[in-house]
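Have a look at the structure below, then the notes.
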Amino acid sequence: MKEFAAIEQYFRQGFVARDDIILGVGDDAALVQVPKNMELAISVDTLVEDVHFPANTSAYDIGYKALAVNLSDMAAMGATPAWFTLALSCPQMDATWLQEFSQGLADLATRHQVSLIGGDTTRSKSAITISIQVMGIVPKNQALRRDQAKVGDVICVTGSLGNAGLGLASVQGQIDLPKKDKQFVEQCLNQPSPKIKAGQVLNQLGVCCAIDISDGLLADLGHILEASQVGATLHLEKTPLSETLKNHIPTQRAWQLALTSGDDYELCFTVSPDKINTIQQHLPSIHQIGCIEEIKGLRCIEPNMEYWQPQKAGYEHFADSKE
Ligand code: ADP
Ligand code: MG
């Protein structure tokens with residue numbers, strides 16, 4: 001199958017339409033209408049075969065996840081995603097693969113009413129690479145940012161952590177789980193649900209500081225602390241863990257997974273304590289896990305009040321390379 005036939009068949013149709021698209025797939029560039037009094041939020045994320053997903057991941061899941069991780073960045077800004085572009089590189093144009101891949105993309109895109117408005121299709125030597133750029137809208141001066149944490153804020157997360165990390169251990173054959181748990185954690189890994197609604201609600205309720213947890217809580221909260229020039233203490237026993245994690249993983253190891261494994265795509269946000277009750281009414285699944293402090297650095301405290309040291313803190317590309 002040739003490039004243009006593939007674009008026509010898999011990327012020009014099957015995606016939601018939107019009234020604010022002046023020109024979509026097919027011209028040299030797409031044209032969209034940004035509403036008055038809104039800012040444009042733009043983000044790009046790349047998934048590389050064997051780095052971000054094992055080579056045996058289904059094409060459907062690859063498509064789904066490629067969009068999910070990008071929508072998660074919109075959620076983290078409190079933005080409403082509207083449009084995306086897709087740069088796809090693969091060694092060949094395989095019709096079955098493209099069909100499933102575009103279906104995974106389209107299913108999630110439809111759920112969130114985001115439109116595919118353009119892209120680029122190229123041949124690679126071996127690995128499949130997918131870059132998605134997503135664009136969303138957010139009310140002026142209201143985006144959730146990493147540099148807005150204030151001393152005295154509480155630190156919250158929108159849901160349980162470590163499930164995708166356990167999912168990765170499961171697909172890599174490092175752990176044998178009962179069927180239901182295996183399905184649950186592998187779904188968390190392969191089809192993460194971006195917390196768009198939560199981001200919008202936080203935005204509306206006056207929260208200013210958030211990040212999505214893609215590289216593990218310690219790493220991502222670390223970005224908030226650095227950008228905001230503050231420190232924090234986390235209380236480990238408050239870390240939300242799924243029943244699957246609690247039932248199958250010893251506590252210490254569960255904390256390790258929850259705080260340092262990536263791909264959960266929950267949101268971490270900080271907010272002044274007086275707003276917490278209102279937020280909890282709108283988002284019952286949030287958990288308070290710690291507080292923002294003046295003393296720099298990130299401290300984790302065990303229930304016995306001892307400091308806890310993680311074995312590794314989050315995933316970092318090039319972490320093993322010599323400068
Ligand atoms: P150009 O030569 O102007 O860069 P291309 O030949 O790369 O344009 O692409 C033709 C049209 O198809 C463009 O509108 C482009 O946005 C769209 N397109 C190409 N690849 C994809 C893709 N993978 N998904 C969606 N649209 C695509
Ligand atoms: Mg052109």
Side-chain angles (χ1 to χ4, degrees), residues 1-35 38 40-75 77 79-137 190-194 196 214 265:
M1 176 168 257
K2 295 211 183 94
E3 175 190 341
F4 291 111
I7 294 168
E8 197 60 37
Q9 182 155 356
Y10 301 111
F11 302 121
R12 196 163 182 155
Q13 44 196 354
F15 289 87
V16 287
R18 290 175 61 105
D19 291 343
D20 51 17
I21 299 171
I22 301 159
L23 201 52
V25 172
D27 213 311
D28 293 308
L31 299 171
V32 297
Q33 184 75 50
V34 180
M38 297 293 241
L40 193 57
I42 306 170
S43 166
V44 63
D45 247 321
T46 300
L47 297 193
V48 179
E49 185 178 20
D50 276 335
V51 177
H52 298 93
F53 56 88
N56 63 358
T57 309
S58 78
Y60 184 94
D61 286 345
I62 296 170
Y64 193 104
K65 186 165 181 174
L67 183 57
V69 303
N70 277 281
L71 294 182
S72 178
D73 284 322
M74 292 290 111
M77 300 302 285
T80 302
W83 317 285
F84 71 102
T85 61
L86 163 70
L88 173 65
S89 277
C90 43
Q92 75 251 340
M93 296 272 101
D94 179 277
T96 311
W97 191 92
L98 285 167
Q99 170 61 41
E100 286 171 15
F101 170 79
S102 63
Q103 193 60 52
L105 266 184
D107 283 354
L108 188 63
T110 303
R111 188 165 312 153
H112 293 284
Q113 292 294 299
V114 288
S115 285
L116 178 58
I117 55 170
D120 199 18
T121 307
T122 52
R123 172 173 283 171
S124 67
K125 278 266 163 63
S126 60
I128 297 171
T129 305
I130 300 131
S131 276
I132 287 183
Q133 181 179 49
V134 64
M135 288 143 281
I137 50 177
N190 290 325
Q191 295 183 17
S193 45
I196 301 290
S214 53
Y265 299 103

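Owing to the predicted nature of the structure, the values given are computational and were not obtained by experimental measurement. When a ligand or atom number is given, it counts from 1 through the structure's own listing order. Values below: all heavy atoms of this structure, side chains included; hydrogens, waters and symmetry mates excluded.
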Number the atoms of ligand 1 from 1 as they appear, then name those within less than 4.0 Å of a heavy atom of Gly118, with their elements. 16 (O), 24 (N), 25 (C), 26 (N), 27 (C)
Asp27 neighbourhood, listing ligand 1 atoms whose heavy-atom distance to it stays under 4.0 Å: 13 (C), 14 (O)
Per-atom contacts, ligand 1 versus Thr121 - under 4.0 Å to a heavy atom: 19 (C), 20 (N), 21 (C), 22 (C), 23 (N)
What donor-acceptor contacts under 3.5 angstrom involve side-chain atoms of residues 90-101, with partners at least two apart or in another chain?
{"from": "Asp94", "atom 1": "OD1", "to": "Thr96", "atom 2": "N", "distance (Å)": "3.2"}
{"from": "Asp94", "atom 1": "OD1", "to": "Trp97", "atom 2": "N", "distance (Å)": "2.8"}

Dump the intermediate steps for side chain to side chain donor-acceptor pair (under 3.5 Å) on Ser89 and Thr129, then the final yes or no. CA-CA 5 Å; Ser89 277; Thr129 305; 5.5 Å; no
Between Pro194 and Tyr265, is there a side-chain heavy-atom distance shorter than 4.5 Å? no
Without placing hydrogens or testing angles, list every side-chain donor-acceptor pair under 3.5 Å for residues 53-63, not counting sequence neighbours.
{"from": "Thr57", "atom 1": "OG1", "to": "Pro54", "atom 2": "O", "distance (Å)": "2.6"}
{"from": "Ser58", "atom 1": "OG", "to": "Asp61", "atom 2": "N", "distance (Å)": "3.1"}
{"from": "Ser58", "atom 1": "OG", "to": "Asp61", "atom 2": "OD2", "distance (Å)": "3.4"}
{"from": "Tyr60", "atom 1": "OH", "to": "Asp107", "atom 2": "OD2", "distance (Å)": "2.4"}
{"from": "Asp61", "atom 1": "OD1", "to": "Gln191", "atom 2": "NE2", "distance (Å)": "2.8"}

What are the two closest heavy atoms between Ile137 and Met38, and how far apart are they? CD1-CE, 4.0 Å
Residue part near ligand 1, for Thr85, under 4.0 Å between non-hydrogen atoms: neither
Could you check whether any side-chain N or O of Gln9 sits under 3.5 Å from a backbone N or O of Ala6, counting only pairs where one atom can act as donor and the other as acceptor? no
Out of Ser131, Gly119, Gly26, who gets a non-hydrogen atom closest to atom 27 (C) of ligand 1? Gly119
Determine, using heavy atoms of Tyr10 and all atoms of ligand 1, whether some pair is separated by less than 4.0 Å. no
With atoms numbered from 1 as shown, which atoms in ligand 1 lie under 4.0 angstrom from a non-hydrogen atom of Phe4? 6 (O)
